[in-house]
Amino acid sequence: MVCEKDPLVQKITDLYDQISTLDSLKPSKDVNMLFTQLVLTCMPPTHIDVTKLCKKVQQMRSKLIRLCGEAEGLLETHFSTILASYDNPLHHLNIFPYYTNYLKLSQLEFNILTKHCSNVPNKVAFLGSGPLPLTSIVLASFYLKTTSFHNYDIDPSANSKALRLVSSDPDLSRRMFFHTTDIMDVTNGLKEYDVVFLAALVGMDKDEKVRVVEHLAKYMNPGAVLMLRSAHGARGFLYPVVDPFDLRGFQVLSIFHPTDEVINSVIIARKFPMPKHCSAEHPVGPVKLPNKCFDIDMFNPLLNHVNLMEELDIEDQLS
């Protein structure tokens with residue numbers, strides 16, 4: 001059982017103590033420094049399993065994830081506002097400090113998606129798109145060039161800012177749509193989407209995440225794909241960890257743990273056809289098909305010094 005005496009936990013706890021006493025989490029020298037230290041501390045391979053932390057550390061981790069979510073939202077709002085000041089905001093996305101990470105994550109998600117989907121999706125939903133919907137923008141611009149993207153966020157201000165970024169682009173302005181609503185209030189509308197992306201910070205703890213997944217299992221179209229972002233190892237101090245066995249109603253196809261500066265793990269699952277003996281209120285549990293689910297551990301020495309595309313090749317070899 002990992003406890004407060006673990007050196008890594010002590011370092012993360014110290015950073016949490018400093019972050020939690022900040023007057024504001026808006027971008028500033030101190031905020032940027034502390035969160036950079038936190039990310040760098042959580043990135044390397046570690047023995048820690050965040051699901052086995054003692055209660056006190058679990059409580060700290062839960063609070064830290066929420067602080068990270070708040071800071072991430074404020075950072076995206078800050079840069080979305082700056083980008084909106086340009087005539088062509090999408091030409092200046094590289095001013096966002098983590099833009100390269102989003103390029104890599106989107107490429108990773110696209111490659112995983114194409115391994116399990118033979119057809120280009122017609123309509124995609126992104127849940128929790130925020131004021132700077134970089135995943136949708138990157139996928140629509142470089143990979144899914146005929147797909148329409150429906151972005152959902154509960155915050156009207158976030159959607160307003162996001163809309164301003166794409167409104168001047170003749171292509172994306174026709175294929176990007178923004179919906180201000182709680183996804184838990186969207187029912188039959190979810191059946192329209194071939195692929196649903198669930199942002200890492202939609203469902204900030206296990207119970208919230210499970211409720212969202214159960215809602216998607218109830219209303220997504222059978223055969224549709226769910227892409228979820230999770231975290232592995234100490235990166236679970238930054239984002240919620242999705243347990244594949246909580247994906248009731250879905251067939252888990254693949255789990256991928258990046259080893260570089262891309263923080264989020266990626267899980268892809270497919271909505272089951274509804275068996276006759278199961279109701280929407282009691283969906284069937286997750287199933288992993290032989291040779292279809294790969295749990296690539298980020299600590300695998302074969303993967304420590306390769307790039308994302310090479311990791312995908314190794315994943316193929318393991319199948």
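Keep in mind that this is a model prediction, so the values were computed, not measured. One-based numbering along the sequence shown.
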Open item on the list: For a salt bridge (Lys or Arg N to Asp or Glu O under 4.0 Å) check, start with the C-alpha distance between K206 and D246, then their side-chain angles and the critical distance, and finish with the verdict.
Closed with: CA-CA 9 Å; K206 182 181 177 71; D246 287 331; 2.4 Å; yes
- [ ] Step through the shown structure and confirm whether more than 12 heavy atoms of other residues, nucleotides or ligands are within 6.0 Å of NZ on K191.
- [x] yes
- [ ] Can you tell me which residue pairs pass the ring-ring contact (aromatic ring centres under 6.0 Å, His included) test with a partner in residues 129-149, sequence neighbours excluded?
- [x] F110-Y143
Honestly curious: do [X] and [Y] fall in one hydrophobic cluster under the side-chain, below-4.5 Å linking rule?
X	Y	answer
Y239	L74	yes
L132	Y99	yes
L163	L83	yes

Open item on the list: Looking at R66 and E208, is there a salt bridge between them, counting it only when a charged N and a carboxylate O are closer than 4.0 Å?
Closed with: yes
For a quick check under 3.5 Å, do [X] and [Y] share a side-chain donor-acceptor pair by atom type?
X	Y	value
N159	T180	yes
R175	S136	no
D14	Q18	yes
H232	S265	no
D153	S129	no
S157	K161	yes

Which atom names give the shortest non-hydrogen contact between [X] and [Y], and what distance separates them?
X	Y	answer
V31	L25	CG1-O, 3.6 Å
T46	A234	CG2-N, 3.3 Å
S106	L139	O-CD2, 3.7 Å
A162	S80	N-OG, 4.5 Å
S167	R164	OG-O, 3.2 Å
M176	F178	CB-CE1, 4.1 Å

Between [X] (side chain only) and [Y] (backbone N and O only), is there a donor and an acceptor less than 3.5 Å apart?
X	Y	result
S24	K26	yes
K271	M220	yes
N101	E261	yes
N264	A231	no
R270	H116	yes

Task: Option from V57, I65, L8 for which side-chain contact (heavy atoms from CB on, under 4.5 Å) with F237 holds - done: V57
Would you mind writing out the side-chain donor-acceptor pairs for residues 32-43 within the sub-3.5 Å range, not counting sequence neighbours?
residue: N32; atom: ND2; partner: S28; partner atom: O; Å: 3.1
residue: T36; atom: OG1; partner: N32; partner atom: O; Å: 2.7
residue: T41; atom: OG1; partner: Q37; partner atom: O; Å: 2.7

Open item on the list: Can you classify the ring geometry of F96 versus F79 as parallel (below 30°), tilted (30 to 60°) or perpendicular (above 60°)?
Closed with: perpendicular
Report, one line per pair, each donor and acceptor closer than 3.5 Å where one atom sits in a side chain of residues 192-204; sequence neighbours left out.
residue: E192; atom: OE1; partner: K123; partner atom: NZ; Å: 2.6
residue: Y193; atom: OH; partner: Y152; partner atom: OH; Å: 2.6
residue: D194; atom: OD2; partner: N122; partner atom: N; Å: 2.7
residue: D194; atom: OD2; partner: K123; partner atom: N; Å: 3.1

Open item on the list: One pair to check against side chain to side chain contact (heavy atoms under 4.5 Å, CB included): T81 and H78. What are the steps and the verdict?
Closed with: CA-CA 5 Å; T81 302; H78 174 76; over 6 Å; no
- [ ] Find out whether H215 and T187 are in side-chain contact, i.e. whether some heavy atom of one side chain is under 4.5 Å from a heavy atom of the other.
- [x] yes
